[in-house]
Amino acid sequence: MPERAPVRIAFTNIPRRLWAGGHNYQRNLFEALNRHAPGSVTPVLFAGTADDSEEIAALAGIPAVEVVRSPVFDHAATGLARATDLARAIAFGLDGPAIAEFRTRKIDMVFESARFFGWRLPFPAIAWFPDFQHRLLPHLFSRSAYWRRDLGFRIQLASGRHVMLSSASALGDLKKFYPGLLNAVSVVRFATEPPASLLATNPSDVIASYGLPPCYFYLPNQFWRHKNHQLVVDALDLLKRRGLDVVVARRREARWTSASPVFSTR
């Protein structure tokens with residue numbers, strides 16, 4: 001019998017500058033598919049023409065990943081583009097320009113991440129809901145951003161999408177905020193795979209490079225309000241008043257090459 005052709009799944013690029021966590025999640029997903037299901041899935045990454053070439057090249061370097069650059073996916077992560085795409089997909093049932101690209105590339109399935117391609121989408125689709133921050137932290141969202149996000153989730157659910165979540169906590173939130181849903185749901189937990197060059201680095205060299213003490217806490221979170229760095233500062237203040245000398249190091253950005261500012265009780 002002839003071997004079954006790999007399933008061609010469409011992914012839209014998530015620029016690191018806009019969402020480092022999503023970029024890393026998708027990259028790790030590609031790595032996992034290559035490692036654990038070689039030859040069964042071909043991730044086809046649709047990127048904008050202005051997306052970072054170095055980032056795209058790194059993703060294209062993962063075996064089986066194909067990259068398609070198209071103006072259809074330019075600025076796909078901006079608020080205005082998301083609103084326009086969503087309105088078109090709701091009004092006509094299809095995001096026509098994107099669907100045309102998928103057909104040209106002989107896509108079998110679509111992975112929706114922060115973009116709804118329409119309730120008449122002619123492909124099976126998986127909708128990724130990484131979290132429900134707009135419901136848990138509504139004060140961090142404008143009214144339009146809140147309703148755009150919530151409407152997008154509700155339409156994807158109503159369209160019968162298979163939902164992919166990133167944690168058991170998100171599964172609990174999904175059931176709480178959208179009760180009675182009949183969609184199939186899968187939890188694919190966050191995972192990390194640091195570059196091989198990082199794992200091969202001598203820890204003593206890193207400590208010396210940043211002037212760190214032998215013992216310290218590493219905090220990789222970005223400086224977003226919802227990361228609540230104030231809690232870390234308050235904890236350091238409490239430790240200082242208790243006479244404890246503690247250092248917390250964190251990266252300024254989500255890139256492995258960035259510098260690490262240091263918080264300290266000193």
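Computed from a predicted model, the values in this text were never measured in an experiment.
- For F153 and F177, the ring centers are positioned 6.0 Å apart or more.
- Atom CZ in R135 sits 10.5 Å away from atom CG in L174 (nearest 0.5 Å).
- Hydrophobic cluster membership is shared by M109 and V188, with clusters built from Ile, Leu, Val, Met, Phe, Trp and Tyr side chains linked at under 4.5 angstrom.
- With rounding to the nearest 0.5 Å, the separation of CD1 in I99 from OG1 in T104 is 11.0 Å.
- No side-chain heavy atom of D52 sits less than 4.5 Å from a side-chain heavy atom of R17.
- The side-chain heavy atoms of H229 and L219, taken from C-beta on, include a pair separated by under 4.5 Å.
- Residues L18 and I14 fail the side-chain proximity criterion, which asks for heavy atoms closer than 4.5 Å.
- Between the Q156 side chain and the W128 main chain, no donor and acceptor come within less than 3.5 Å of each other.
- Side chain of R69 to backbone of G48: a donor-acceptor contact under 3.5 angstrom is found.
- Hydrophobic clustering, with ILVMFWY side chains joined whenever heavy atoms are under 4.5 angstrom apart, groups I62 together with V7.
- Between P130 and A170, the shortest heavy-atom contact is O-CB, 4.3 Å.
- Here the two rings, on F123 and F117, have centers that are 6.0 Å apart or farther.
- By the criterion of side-chain heavy atoms lying less than 4.5 angstrom apart, applied directly or through intervening Ile, Leu, Val, Met, Phe, Trp or Tyr residues, F116 is not grouped with W19; the two fall into different hydrophobic clusters.
- Residues L121 and E112 are in side-chain contact: their nearest non-hydrogen atoms beyond the backbone lie under 4.5 Å apart.
- With rounding to the nearest 0.5 Å, the separation of CG in D150 from OH in Y178 is 3.5 Å.
- With contacts defined as side-chain heavy-atom distances shorter than 4.5 Å, the pair R16/R27 qualifies.
- F190 and F11 fall within the same hydrophobic cluster, defined by Ile, Leu, Val, Met, Phe, Trp and Tyr side-chain heavy atoms under 4.5 Å apart, directly or through other members.
- Using a distance-only test at 3.5 Å, with no hydrogens or angles considered, no donor-acceptor pair links the side chain of S70 to the main chain of F73.
- Considering only heavy atoms from C-beta on, P43 comes within 4.5 Å of L33 through its side chain.
- Checked by atom type and distance alone, the side chain of S209 never pairs as donor or acceptor with a backbone atom of D205 at under 3.5 Å.
- Put simply, the side chain of F46 reaches to within 4.5 Å of the side chain of I107, judged on heavy atoms.
- With a 4.5 Å cut-off on side-chain heavy atoms, F132 and L165 count as touching.
- Taking all atoms of both residues into account, the shortest heavy-atom contact from S166 to V187 is C-CG1, 4.3 Å.
- When V246, I207, V248 are each tested for a side chain to side chain contact (heavy atoms under 4.5 Å, CB included) with Y216, only one passes: I207.
- To the nearest 0.5 Å, atom CZ of residue R120 and atom CG of residue L94 are 4.5 Å apart.
- Under the 4.5 Å side-chain contact rule for hydrophobic residues, L171 and L157 share a cluster.
- None of V206, N202, T201 except one satisfies the side chain to side chain contact (heavy atoms under 4.5 Å, CB included) rule with S204; the exception is N202.
- The distance from the CZ atom of R189 to the OH atom of Y25 is 10.5 Å, given to the nearest 0.5 Å.
- To the nearest 0.5 Å, atom NE2 of residue H134 and atom CG of residue L140 are 12.5 Å apart.
- A donor-acceptor pair under 3.5 Å links the side-chain atoms of N24 to the main chain of A20, judged by distance alone.
- For the pair E66 and R8, the salt-bridge criterion is met [side-chain N within less than 4.0 Å of a carboxylate O].
- Relative to the six-membered ring of F129, R161 misses at least one condition, a distance below 6.0 Å or an angle of at most 45° to the axis.
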